[in-house]
Amino acid sequence: MAIALFLTVLGFIIIGRAFYIMTAKRQYWTEVADRLKRDSVVVKPNRGNILSCDGQLMASSIPEYQIFMDFQAAAFEDGDSLWLDKLDSICDGLAQIFPSKTAEEFKVHLEEGRHKVTKNGSKGARHWPIWKRRIKYGTYMEVKKLPFFNMPKYKSGFHEEEFNARNRPFGTLALRTVGGMYGAKDSAYYGLELSYDSLLRGTPGITGRRKVLNKYMNIPVTLPIDGADVVTTIDVNMQDLAERALLDELKLINGEMGVAILMEVATGDVKAIVNMMRFYDQQGNPYYAEAVNSAISYRCEPGSVFKVASFLVALDDEVVDTSYVIHTGSGVKEMHGRWMKDHNWRRGGYGDINVARTLEVSSNIGVSHVIDHFYGSNPERYVKGLYRVGIAEDLQIPLVGYQKPYIRMPDTKTTDRSKYWSKTTLPWMSIGYETQIAPINTVTFYNAIANNGKMMRPRLVKRVVKNGETVVEFQPQVIKERIAKPKAIKTMQTVLEHVVSQGLGRKAGSKLFKVAGKTGTAQVADQHGSYHSGVTRYWLSFCGYFPADNPRYTCIVCLKKTGLPASGGGMSGVVFHHIAEGVMARNLKMKVDDAHDEHSVVIPDVKSGNIAAASQVLTRLGITTNSHWGTSYDYTTPIWGVAEQKPKSVQLTKVKMNENVVPDVTGMGARDAVYLLENYGIRVKLHGRGKVKHQSYAAGKPIIKGSECILTLE
């Protein structure tokens with residue numbers, strides 16, 4: 001009974017106390033609440049990195065800032081005297097940091113913000129921009145050290161907004177594939193940045209910002225979760241090699257556009273993907289940049305590289321073999337009311353050739369005759385064969401903008417002219433016209449031939465990594481286990497090798513390893529969709545793989561240019577050659593014959609140049625030299641020396657250079673050759689890589705100052 005009475009009295013006391021606080025003390029606690037404020041602030045996570053296949057950064061986040069002033073901060077509550085006292089110093093400092101604006105301009109701008117009247121009638125802008133563009137961290141710290149700005153944030157009113165800007169350590173390398181960001185909210189715009197945005201972006205956190213009296217405290221509520229890293233299949237060195245080779249040729253031929261894709265045969269990994277378009281600066285000078293991912297989006301008539309798909313269908317259906325003879329005549333043949341021509345029709349054509357030779361010389365008549373003869377009565381069988389061998393496959397590339405191939409089925413009843421099937425459709429389709437295929441599909445098809453018929457889906461991303469651990473693994477995917485019968489694949493591999501060794505693809509080949517592939521030269525429509533505007537545009541291509549006897553990489557090079565000369569083998573094939581040799585040079589393994597004892601003395605190759613420098617180097621290696629003036633240049637080749645043996649002496653013969661005639665620079669490296677010729681007042685242009693094989697300004701000719709000499713390197 002006593003306990004119940006006690007609890008009842010205690011309850012009345014509590015209720016009374018609460019009533020007292022709600023009434024008599026209400027004003028007091030309201031004032032306390034006014035001094036205690038809490039806001040929720042979103043904390044942005046760090047965006048994940050995009051990495052190359054070997055872990056090099058291709059895109060990473062760095063902080064950037066926009067800086068503002070709050071002219072209603074604590075420092076302005078007691079008047080503007082402190083601000084006015086420091087204003088000139090602030091503006092002078094800002095003018096030094098941002099030289100494009102004077103101190104007086106900064107002063108006018110800041111004073112405008114201080115006197116601005118807000119919507120609620122108060123004086124002073126709350127979020128007035130000091131500088132309209134984003135600034136780097138170092139610049140932000142410089143601004144923060146200025147007078148007045150160096151006071152606590154909530155007193156001075158100086159504050160900032162932080163953004164995660166994307167930094168590309170390799171500049172524009174693979175720009176359209178890696179992707180980009182834009183806008184104040186750092187929105188992903190294109191490429192892998194957009195495709196994998198949900199993984200890269202991460203999850204924002206929340207921080208409670210509490211104001212106690214005049215001080216703020218940040219209390220984490222939910223921590224941000226940083227974005228994951230995306231590891232691509234791109235090889236930075238191969239990408240750079242492909243880009244430089246493509247740019248060199250585009251500049252040489254004044255091309256409009258160029259594409260290069262390098263793919264690993266066994267996995268389908270895209271090791272390099274280059275997209276270049278020609279632009280003009282304000283002075284009218286041309287330059288090249290990546291603006292559109294044409295490798296996956298530019299569907300056009302592929303030209304003669306498509307002939308391989310046509311003949312593979314015929315070989316797989318066993319309607320012909322390589323011995324089947326085709327009568328191409330003089331290079332001109334009427335097909336259903338239209339004239340089909342071979343590229344050498346003015347020289348009399350190829351006469352009677354077999355199927356293998358037809359591809360080697362890229363005979364339009366040969367290919368179209370075979371397809372029209374065996375599939376003319378049933379064109380649907382041919383088109384289904386194209387789908388069977390995979391040239392029309394939807395590759396489902398994880399990049400926005402990918403255009404799957406357009407190869408139509410026979411239809412003679414449609415009113416749509418683009419879909420109507422006429423008698424001439426089949427022969428012209430067989431040689432690469434009346435179809436729309438992007439370069440990525442063509443290289444994937446050739447990659448399947450190199451891979452003994454197994455078609456791999458192009459892979460751009462290998463895995464997603466979070467905190468050093470793999471969270472998602474993207475394994476190589478097989479699209480088709482076999483695109484054609486093994487016999488047909490083997491036959492096509494042999495024919496493609498012959499195209500390079502004894503056909504039109506010679507310039508794509510290499511003396512160091514075997515190459516297989518096919519050239520392509522197609523006339524394409526202009527920007528108005530016309531072929532008859534008076535200006536002829538060409539789509540030049542070469543697609544192949546290397547080394548042909550043990551394929552490791554497949555590559556396609558496409559060039560778009562206006563007017564003649566135009567040659568798929570002579571232009572795109574040259575770019576393929578440089579890419580292939582550059583890639584293989586990085587993977588060369590030394591032969592056992594090249595191994596030497598670690599103590600052996602290797603005598604360097606001594607070239608034409610500074611005889612004193614050569615003598616000094618050889619002397620430091622312990623090799624005695626004898627030099628004298630003469631009319632030739634040579635040195636005696638000594639035996640390889642080891643630690644116990646003294647190498648033989650080397651005789652260096654100096655060359656007396658005639659200042660009035662062009663020197664012979666063949667065999668020299670590019671740097672030495674350019675240095676030597678330009679010292680004679682000759683302008684030099686380079687084509688290719690390696691040592692000088694040919695010089696257009698022949699050695700021994702009289703020198704004319706300002707003349708041009710083109711050096712061909714191999």
Item to check | side-chain hydrogen bond (donor to acceptor under 3.5 Å, both in side chains) partners for Asn237, two or more places apart | outcome: none
Checklist entry - Which is it for Tyr402 and Asn441 under the side-chain hydrogen bond (donor to acceptor under 3.5 Å, both in side chains) test, yes or no, and what are the steps along the way? => result CA-CA 10 Å; Tyr402 167 66; Asn441 280 87; 3.1 Å; yes
Next on the checklist: Does any part of the side chain of Thr232, heavy atoms only, come nearer than 4.5 Å to the side chain of Leu51, both counted from C-beta?
Outcome noted: no
Next on the checklist: Under a 3.5 Å threshold, yes or no: a donor from one side chain and an acceptor from the other, between Tyr446 and Asn451?
Outcome noted: no
Next on the checklist: Could you tell me if Ser510 and Glu581 have a donor-acceptor pair between their side chains, going purely by distance under 3.5 Å?
Outcome noted: yes
Checklist outcome for this item: One should read off an interatomic distance between Ser52 OG and Leu173 CG, to the nearest 0.5 angstrom, of 10.0 Å
Checklist entry - Would Arg244 and Asp248 pass as an ion pair if we require N to O under 4.0 Å? => result no
Next on the checklist: Let's go through Val265 and Met456 carefully: what are the C-alpha distance in whole Å and the side-chain angles of both, what is the deciding distance for side-chain contact (heavy atoms from CB on, under 4.5 Å) to 0.1 Å, and is it a yes or a no?
Outcome noted: CA-CA 8 Å; Val265 170; Met456 306 299 297; over 6 Å; no
Checklist entry - Does the side chain of Thr444 come within less than 4.5 Å of Met263's, by heavy atoms? => result yes
Checklist entry - Taking only residues two or more places apart in sequence or in another chain, which ones pass side-chain hydrogen bond (donor to acceptor under 3.5 Å, both in side chains) with Thr491? => result none
Checklist entry - Which heavy atom in Val661 sits nearest to a heavy atom in Ile703, and how many Å separate them? => result O-CD1, 3.2 Å
Checklist entry - Is it true that a side-chain atom of Asn275 and a backbone atom of Glu290 form a donor plus acceptor pair closer than 3.5 Å? => result no
Checklist outcome for this item: Sorted by chain and number, sequence neighbours left out, side chain to side chain contact (heavy atoms under 4.5 Å, CB included) with Ile365 holds for Thr328, Lys333, Met340, Asp342, Ser363
Checklist outcome for this item: When rounded to the nearest 0.5 Å, the distance separating CG of Leu559 from CD1 of Ile253 is 4.5 Å
Item to check | Under the side chain to side chain contact (heavy atoms under 4.5 Å, CB included) test, residues paired with Asn550 that sit two or more places apart | outcome: none
Checklist entry - Are the side chain of Lys561 and the backbone N or O of Pro565 linked by a donor-acceptor pair below 3.5 Å? => result yes
Checklist outcome for this item: In short, ring-ring contact (aromatic ring centres under 6.0 Å, His included) pairs touching residues 246-280 with sequence neighbours left out are Phe279-Tyr287
Checklist entry - Of all residues at least two apart in sequence or in a different chain, which pass the side chain to side chain contact (heavy atoms under 4.5 Å, CB included) check with Glu708? => result Arg683, Lys685, Ile710
Checklist entry - With Ser501, which residues qualify under side-chain hydrogen bond (donor to acceptor under 3.5 Å, both in side chains), at least two apart? => result none
Checklist outcome for this item: For Ala450 and Pro551, the nearest pair of non-hydrogen atoms, with its separation, is O-CG, 3.5 Å
Item to check | Side chain to side chain, Tyr553 and Cys555, heavy atoms closer than 4.5 Å | outcome: no
Checklist entry - Under a 4.5 Å cut-off applied to non-hydrogen side-chain atoms, are Phe542 and Val500 in contact? => result yes
Item to check | Sequence-distant partners of Asp352, side-chain hydrogen bond (donor to acceptor under 3.5 Å, both in side chains), two or more places apart | outcome: His327
Checklist entry - Among Met276, Met571, Met257, which one satisfies side chain to side chain contact (heavy atoms under 4.5 Å, CB included) with Leu250? => result Met276
Checklist entry - Ignoring hydrogens and geometry, is there a side-chain-to-backbone donor-acceptor pair from Lys507 to Gly509 under 3.5 Å? => result no
Item to check | Arg278-Asn254 side chain donor-acceptor pair, cut-off 3.5 Å | outcome: yes
Next on the checklist: Can you pull out every salt bridge (Lys or Arg N to Asp or Glu O under 4.0 Å) where at least one residue sits in residues 265-277? Sequence neighbours excluded, please.
Outcome noted: Asp269-Arg459
Next on the checklist: Strictly distance-based, threshold 3.5 Å: is any side-chain N or O of Gln403 a donor or acceptor partner for the main-chain N or O of Arg299?
Outcome noted: no
Item to check | Test log, rule side-chain contact (heavy atoms from CB on, under 4.5 Å), inputs Phe311 and Val355 | outcome: CA-CA 8 Å; Phe311 265 10; Val355 165; 3.3 Å; yes
Item to check | Residue pair Glu256 / Thr562, side-chain donor-acceptor N/O under 3.5 Å | outcome: yes
Checklist entry - Below 4.5 Å, heavy atoms only, C-beta onward: do Val292 and Met277 meet side chain to side chain? => result yes
Checklist entry - So Phe546 and Phe576, would you call those rings parallel, tilted or perpendicular, with 30° and 60° as cut-offs? => result perpendicular
Checklist entry - Has Gln282 got more than 12 heavy atoms of other residues, nucleotides or ligands less than 6.0 Å from its CD? => result no
Item to check | salt bridge (Lys or Arg N to Asp or Glu O under 4.0 Å) pairs, two or more places apart, involving residues 508-522 | outcome: Glu497-Lys514
Next on the checklist: Donor-acceptor pair, distance only, cut-off 3.5 Å: does the side chain of Gln493 make one with the backbone of Ile449?
Outcome noted: yes
Checklist entry - Just checking, any donor-acceptor pair under 3.5 angstrom between side chains of Asp54 and Gln56? => result yes
Checklist entry - Does a side-chain heavy-atom distance below 4.5 Å link Trp345 with Asn364? => result no
Checklist entry - Excluding sequence neighbours, so at least two apart, what forms side chain to side chain contact (heavy atoms under 4.5 Å, CB included) with Ala266? => result none
Next on the checklist: Show me the pairs that pass salt bridge (Lys or Arg N to Asp or Glu O under 4.0 Å) and involve residues 428-443, at least two apart or across chains.
Outcome noted: Arg408-Glu434
Item to check | Spacing of CD1 belonging to Ile273 relative to CD belonging to Glu243, to within rounding of 0.5 Å | outcome: 12.0 Å
Next on the checklist: Using only atom types and a distance under 3.5 Å, with no angle test, would you say the side chain of Ser572 pairs donor to acceptor with the backbone of Leu540?
Outcome noted: yes
Next on the checklist: Could you tell me if the side chain of Ile440 sits less than 4.5 Å from the side chain of Ile261, heavy atoms only?
Outcome noted: yes
Checklist entry - Do Ile682 and Val662 have side-chain heavy atoms sitting under 4.5 Å apart? => result yes
Checklist entry - With no hydrogens and no angle check, is any side-chain donor or acceptor of Ser310 less than 3.5 Å from a backbone partner on Ser430? => result yes
Next on the checklist: side-chain hydrogen bond (donor to acceptor under 3.5 Å, both in side chains), that's the test. Do Lys307 and Ser362 meet it? Break it down for me.
Outcome noted: CA-CA 8 Å; Lys307 294 173 181 176; Ser362 196; 2.9 Å; yes
